[in-house]
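Only one structure is covered here, and it is reproduced in the block below.
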Number of protein chains: 2
Amino acid sequence: MSAAPAPALKNVKKKATAPSPRAKPGRPPRALDQDLRERILDVAEEQFSKHGYDAVSTRAVAKAAGATSAMIHYYFSTKRELFDAVFARRADILNVERMASLDAYEKRSGKDVSVEGAIEAFLAPTLARMDETEGWRYYLALVAQVGHKPQWGGEVMTRSFDPVIQRLISVIRKAMPEAADVNLYWAYHFLSGALLLTLAETDRIDRLSNGQCRSADIDAILPRMVRFAAAGFRSICGAAAK
Amino acid sequence: MSAAPAPALKNVKKKATAPSPRAKPGRPPRALDQDLRERILDVAEEQFSKHGYDAVSTRAVAKAAGATSAMIHYYFSTKRELFDAVFARRADILNVERMASLDAYEKRSGKDVSVEGAIEAFLAPTLARMDETEGWRYYLALVAQVGHKPQWGGEVMTRSFDPVIQRLISVIRKAMPEAADVNLYWAYHFLSGALLLTLAETDRIDRLSNGQCRSADIDAILPRMVRFAAAGFRSICGAAAK
DNA sequence: GTCTATAAGATGATAGAC
DNA sequence: GTCTATCATCTTATAGAC
């Protein structure tokens, strides 16, 4: 349930003169298998995130992982399935954490559920991960890109994240029982856009603000995003909404 | 200043048995030149938007435009310059419209500038274009994707759109003179995310809301986005902000 | 499990005829 | 201005040796 530490490249260059020093015969190198598989996932995650799915070749991933492209197909069959594995790996972790966070918030707040509280419980796990490892930062930037791709933005995102979003909205609904569904969904849409642009870490805001804001400054972002979105939810879902 | 109507493909298939029927000799076909150039831009816009820059080949663009890939390089030298031309074409139009809209709002509101008014003046031209032609929808979805690409999200977006954004913030500042710059920039960052996700039109919100919201329903989006963002700006820039 | 070799085709870009 | 032909390289994926 905790993050997998990004393993450093180990057998970067094993091509030499002598016949390659493989695992000792007599015992299937079970550990190494998982090692390479994970290393491929790590490298693919980084490259897909940095350059986009289509700009990355299986060869490039293989090379950076210290293997050949044949190994990519051995473990993942196709490039697309490699992507799916990359995407699902941390999505599963994130979904568990978000669900747990929302559950915990609902339990401890009892009847005093607030919009701020719900949104904070939803955002905190994700933004915390963003502050953790390079791997998570790559992954979350990849989510931001996928979320804006015409086909994938609908399908992949829906498949991966819908249950938690419905859960979030159900908690917010407890804080605003009078809110109409349409308004709740549009409000989430705006919040989602704000979150995804944050995960993208494009440094746009750094330039725009002339260095006064920094894309990766989670401590500055989280409280502001919570307040911004909560006020937004209230203004379009509240009693005064048209 | 109005939108260029998307021209239908005209000379789709001129490859046949006879030597290709080119323009009549004696007069350089000036009109046709611009025709093809624009058609290439239209087609590239559509394909870059639908599949992403890296997934589209110059051959594919050429074919859809009823020409050969050599013509792409004749008019634009490189694939990247083709992209830049696609991106700049409507960015220029949009920038003029947004500036004019902000100017007009500031003029007619005098001293009574409101956050809602400024945001509405900023958003309205863009969302109106989204409701106009396929070409504009493709373009705006492309902007959303570019805005989340690691390199381009910073550089291309900054180069193309920063002046209008600074203008928007300067108008909002008149409505909230006490607001700190950092807060204004972060608030814009959230608004920008909400806008870009809207421009992407991924149908995610349609699925999530089980059809209650439609990605292209500008009449539903604009007023909600204005209220949502205005409330957000006030909540993190207002006197009560920490 | 890991490699080399290769199939089968696509890619960005250019040269040169017309 | 538009084309065909081509270069040199890269692409995903597979076959088969070890």
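A note on names: the letters A, B, ... follow the listed sequences, proteins ahead of strands, and every chain is numbered from 1. Values in this document were obtained by computation on a predicted structure and should not be read as measured data.
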Ignoring the backbone of A/Y74, work out which of C/dT2, C/dA13, D/dT12 is nearest its side chain.
-> C/dT2

Within this structure, what is the CD-to-P distance between B/E38 and D/dG1, rounded to whole angstrom?
-> 15 Å

Parallel, tilted or perpendicular, as decided by the 30° and 60° cut-offs, for the rings of B/W186 and B/F190 | parallel

When you get a sec, tell me which of D/dT14, C/dT6, D/dC3 is the closest nucleotide to the side chain of B/T68?
-> D/dC3

Out of C/dC3, D/dT12, C/dG12, minimum distance to the side chain of B/T58 belongs to C/dG12

note: B/R59, atom CZ; C/dG12, atom P; distance rounded to Å ~ 8 Å

Rounded distance in Å - NZ (B/K63) to P (D/dT4) | 13 Å

Would you mind telling me which of C/dC3, D/dT2, D/dT11 lies closest to the side-chain atoms of B/Y75?
-> D/dT2

In short, B/I205 meets B/C213 closest at the heavy-atom pair CG1-CB, 3.9 Å

Would you mind telling me which of D/dT4, C/dC3, D/dT11 lies closest to the side-chain atoms of A/A67?
-> C/dC3

With a distance cut-off below 6.0 Å to the six-membered ring centre and an angular limit of 45° from the axis, does B/K79 pair with B/F48 as a cation-pi contact?
-> no

Evaluate whether atom CD of A/E81 has more than 12 neighbouring non-hydrogen atoms of other residues, nucleotides or ligands under 6.0 angstrom away.
-> yes

Let me know the distance between CE of A/M71 and P of D/dC18, rounded to the nearest Å.
-> 18 Å

Taking for each residue the nucleotide of DNA chain C bearing the nearest heavy atom, is the 5' side occupied by B/R80 or by A/A70?
-> A/A70

